[in-house]
Amino acid sequence: MADDVRSPRVLDVLAAEEPWEVPGAWLTRVRAQLKAWADDPEALRPLRPEAFPDFIKGTPAAVWYTHQVAPLLTGWIPVLHGEYADLSTELTHEFYRPSSRLGGSGHVIYAAQTDWHLQAIAGARGFRENGRKHALQLSRNVAALFVDAPPMAARATALTAAFDRVLANREITELHITGEYDDIAKYWRTEALKDSERAVLPELAGPTAALRYSLNAVRDTHARMLMVSPDEYAGDFAQILAELILATGLRGIPQSVASVLGNSAVDVHKALQEIDPKFTLQSWHGHINQWMSRAIRNGQAPLARSWGAAAARVGVHLSGVLNRAPWPEPEVPDLTTLFRMLDRERWNALENQAAANQEASLSAAWKDVKKEEESAGDAEGGTLDEPLPKPLDFSDNPLAELDSLIGLESVKDAVRRMVAEVKTNLRRSELGLPSHERARHMVFVGKPGTAKTTIARLLSRIYHQLGVLEKGHVVEVDRSDLVGAGVGSTAPMTAAKFREALGGVLFIDEAYSLTPENTPGDYGLEAVATVLKLMEDHRNDCIVIVAGYHREMQRFMESNTGLQSRFPKLLSFSEYDTDQLVAIFELQARQKGMIYGEEVLDKVRAVIPPAPRGHSFGNGRFIRNVLEEAVSNQATRLSASDPDKLTERDLRELIPSDVRPPTSMRAEDYLLQKPGT
């Protein structure tokens, strides 16, 4: 059932109360209007290809303007998630052909200048009067496209009404047709909107108004969160703003923020002085995530969403994105974890609703049969199981499995780029054009258990589906599989493993062990030379991936002058934080068909060693061992029961007592060893 209930494709705007299941009819209507504009000979002149290379030749400005403003109609600095997070591309895909696309289970934050709604008007400044009026009209028409889309309706309706008043007033229309742009922008900041419209489009009043709106939103949502979900760590507004400032990487209050705060800046300054010496981003994320999780479980998901959206908006202001300063790193707050918690709550609700609908749709005859079976079950001391979610199965869809992986956003993005590159080159070949192929061999760097082998297996399956690899299998080797004990044995061993990998991937783990330090005559050097030659001889028949720790792999790549040129791609795998490890437990449990409650996840969190963890901490492997140990403990627990009376739920359900620090854990998962990154 889990697979079925996750099928709706949604646009999830964090500031909205709930995700929007996008109707296919709405998409068709909007795309049809864009196509009509493209076919209109009276449309505003098309874009200049050299200025907008991602748009096809002949794209009208109305389509480009739709692409620019659609996300911003969902809110000021919106955070979008879900299958339609890349909303602009979804709507304009017939005209917009970027080299890479957003996707997967992540999210995207949009930010723009506060005069974003005037982009078409600004772009028409060099046109004749008729062209400038057309830009004004198309700005209105594009806004009107979204008045029936719930996440955009309020802002689109307000903006459409404001443009209608401009077009109905001869003097103001003349200002937009013949006036200076600065005068037009000033009109929109001061006169264009009614109070009710300014409430939903606050940023149109200018940067200071936008910042004031964002700070007030944090103040308001934080106070409401504290009322419905008290927390010992979450202080008042001054404390949370001080924490946001520190989390963004600043050490003081920016002048623009201090000016808006007025006298309240003194309280924020005091909070900064008190918090700064003991503040750590990881601990702060952990406290906030626990607070949000508790609120969501207690039915306060809409308020948690509003708090997350407001905090993210202030994080963008603090980072200076609006002034073209660097993007905040790491992201503030932890939106990845927040969306994961919201998704889990939504999926659970959908599963429960699906089960209820299934029950309600049973015919009277089937209900009678069910009652008879329940009666028989009660007589024997048991009851029928409730419908249970199906185990997750990605065996036929490696890209879906890639998207399901926890964390690894940069790695997943790199894989999607590689897939896009392959598809583009395949299409070039179909059209008889020269391809732009690069070597596909890769270097994976990261600590144990960070999904390096998993990504290698997924890549092999993906490339097989694309027709790049004949078999799509992975041959995993280490030094012992490639290096012989005597003279003349290494090259044949290495060649044999390489031939075994033809049509798939040769994955060399701990590749740096082939070139140990201070051992110039080591046979591993011969293995490296053999692999390099075979890579050249079979450049299209096998992908070689070498993997290991960051520092050691750097030394390995420098050990042979031919290595760096043959491995053009490097993917870096970050270790997981506690929340991600818990999420990995959830994913792996669902793949095994196990079910669990929040108390089980709390127990998993408790057995994860606190940070900082050792150089060789097992990360995902640690969690796999925790799950396997829990399943083993469950089996021991159930062995005391009559096997004939065990239900499907009994066999699939984990309880908190099943989760214990695994006795079979390798020592390296606990020991703190010398750093190596």
Side-chain angles (χ1 to χ4, degrees), residues 10-20 22-23 26-27 29-30 33-34 62 64-82 84-88 90-92 107-122 136-167 184-185 187-207 209-214 216-217 220-221 302 305-306 308-310 312-314 316-317 322:
V10 302
L11 170 63
D12 191 354
V13 182
L14 183 57
E17 288 196 359
E18 60 183 6
W20 180 43
V22 182
W26 181 83
L27 281 173
R29 181 181 64 78
V30 173
Q33 180 59 70
L34 298 182
W64 170 83
Y65 183 69
T66 302
H67 183 277
Q68 299 299 105
V69 306
L72 295 169
L73 285 170
T74 66
W76 174 234
I77 314 182
V79 185
L80 306 188
H81 173 69
Y84 288 107
D86 195 1
L87 177 64
S88 296
E90 292 289 345
L91 295 176
T92 63
H107 59 271
V108 60
I109 303 177
Y110 290 90
Q113 300 298 320
T114 54
D115 58 349
W116 57 268
H117 60 299
L118 300 178
Q119 290 180 79
I121 294 169
L136 175 62
Q137 184 69 54
L138 80 82
S139 298
R140 180 266 175 208
N141 291 344
V142 169
L145 273 180
F146 298 93
V147 295
D148 61 345
M152 293 87 98
R155 286 167 62 87
T157 300
L159 190 57
T160 302
F163 274 122
D164 282 339
R165 287 195 299 274
V166 170
L167 289 164
I184 298 171
Y187 166 78
W188 279 90
R189 287 197 302 270
T190 58
E191 301 179 49
L193 301 179
K194 296 180 179 180
D195 289 344
S196 59
E197 294 163 350
R198 198 175 301 281
V200 295
L201 294 164
E203 74 278 11
L204 269 56
L211 177 58
R212 181 178 294 108
Y213 160 74
S214 298
N216 286 341
D220 176 60
T221 56
R305 297 169 69 94
S306 295
R313 193 158 51 240
V314 168
V316 173
H317 280 285
L322 303 182

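Note that the numbering runs from 1 along the sequence shown for the chain. The basis for the numbers below is simple: all heavy atoms, side chains too, and nothing from hydrogens, waters or symmetry mates.
Nearest approach of Gly82 to Asp12, heavy atoms of both residues: N-CB, 4.5 Å. Of all heavy-atom pairs spanning Thr160 and Ala144, the tightest one is OG1-N, 3.3 Å. Between Ala162 and Ala192, the shortest heavy-atom contact is CB-O, 4.1 Å. The two atoms that bring Leu138 and Ala62 nearest to each other are CD1-CA, 3.9 Å, heavy atoms only. Scanning all heavy atoms of the two residues, the minimum distance from Ala158 to Leu201 falls at CB-CD1, 3.8 Å. Of all the heavy atoms in Phe146 and Ala70, the pair that sits closest is CZ-CB, 3.8 Å.
A salt bridge is absent between Arg313 and Glu203: the closest approach of a Lys/Arg side-chain nitrogen to an acidic carboxylate oxygen does not fall below 4.0 angstrom.
Listed for the Ser306 side chain is a donor-acceptor partner under 3.5 Å among the backbone atoms of Pro302. No donor-acceptor pair under 3.5 Å is formed between the side chain of Arg155 and the backbone N or O of Ala143. Here the side chain of Thr157 pairs no donor or acceptor atom with the backbone of Ala154 at under 3.5 angstrom. Judged by distance alone, the side chain of Tyr213 and the main-chain N or O of Ala199 form no donor-acceptor pair under 3.5 Å. The backbone N or O of Val13 lies less than 3.5 Å from a partner atom in the side chain of Arg305, making a donor-acceptor pair.
Proximity of Arg29 to Leu145: side-chain heavy atoms (C-beta onward) are separated by under 4.5 Å at one or more points. Contact of the Leu87 side chain with the Tyr110 side chain is not registered, since no non-hydrogen atoms from C-beta on lie closer than 4.5 Å. The side-chain heavy atoms of Asn141 and Phe163, taken from C-beta on, include no pair separated by under 4.5 Å. With contacts defined as side-chain heavy-atom distances shorter than 4.5 Å, the pair Trp116/Leu73 qualifies. Taking the side chain as every heavy atom from C-beta outward, Leu14 and Pro78 never approach each other to under 4.5 Å. The closest side-chain heavy-atom distance from Arg198 to Leu204 is not below 4.5 Å. The shortest distance between side-chain heavy atoms of Val108 and Asp86 does not fall below 4.5 Å.
Considering Leu72, Val142, Leu159 as possible partners of His117, the one that fulfils the side chain to side chain contact (heavy atoms under 4.5 Å, CB included) test is Leu159.
Summarising the geometry, atom CD1 belonging to Ile77 is positioned 10.5 Å from atom OG1 belonging to Thr114; distances are rounded to the nearest 0.5 Å. Here the OG-CH2 distance, from Ser214 to Trp76, works out to 7.5 Å after rounding to the nearest 0.5 Å. To the nearest 0.5 Å, the span separating CG on Asp164 from CD on Gln137 amounts to 8.0 Å. Once rounded to the nearest 0.5 Å, the distance linking CZ of Arg165 with CG of Leu193 reads 7.0 Å. Of the inter-residue distances, the one linking Leu167 atom CG with Leu136 atom CG reads 4.5 Å to the nearest 0.5 angstrom. With rounding to the nearest 0.5 Å, the separation of CD in Gln119 from NE2 in His67 is 11.5 Å.
Remark: the Trp188 side chain and the Asp115 side chain contain no N/O donor-acceptor pair separated by less than 3.5 Å.
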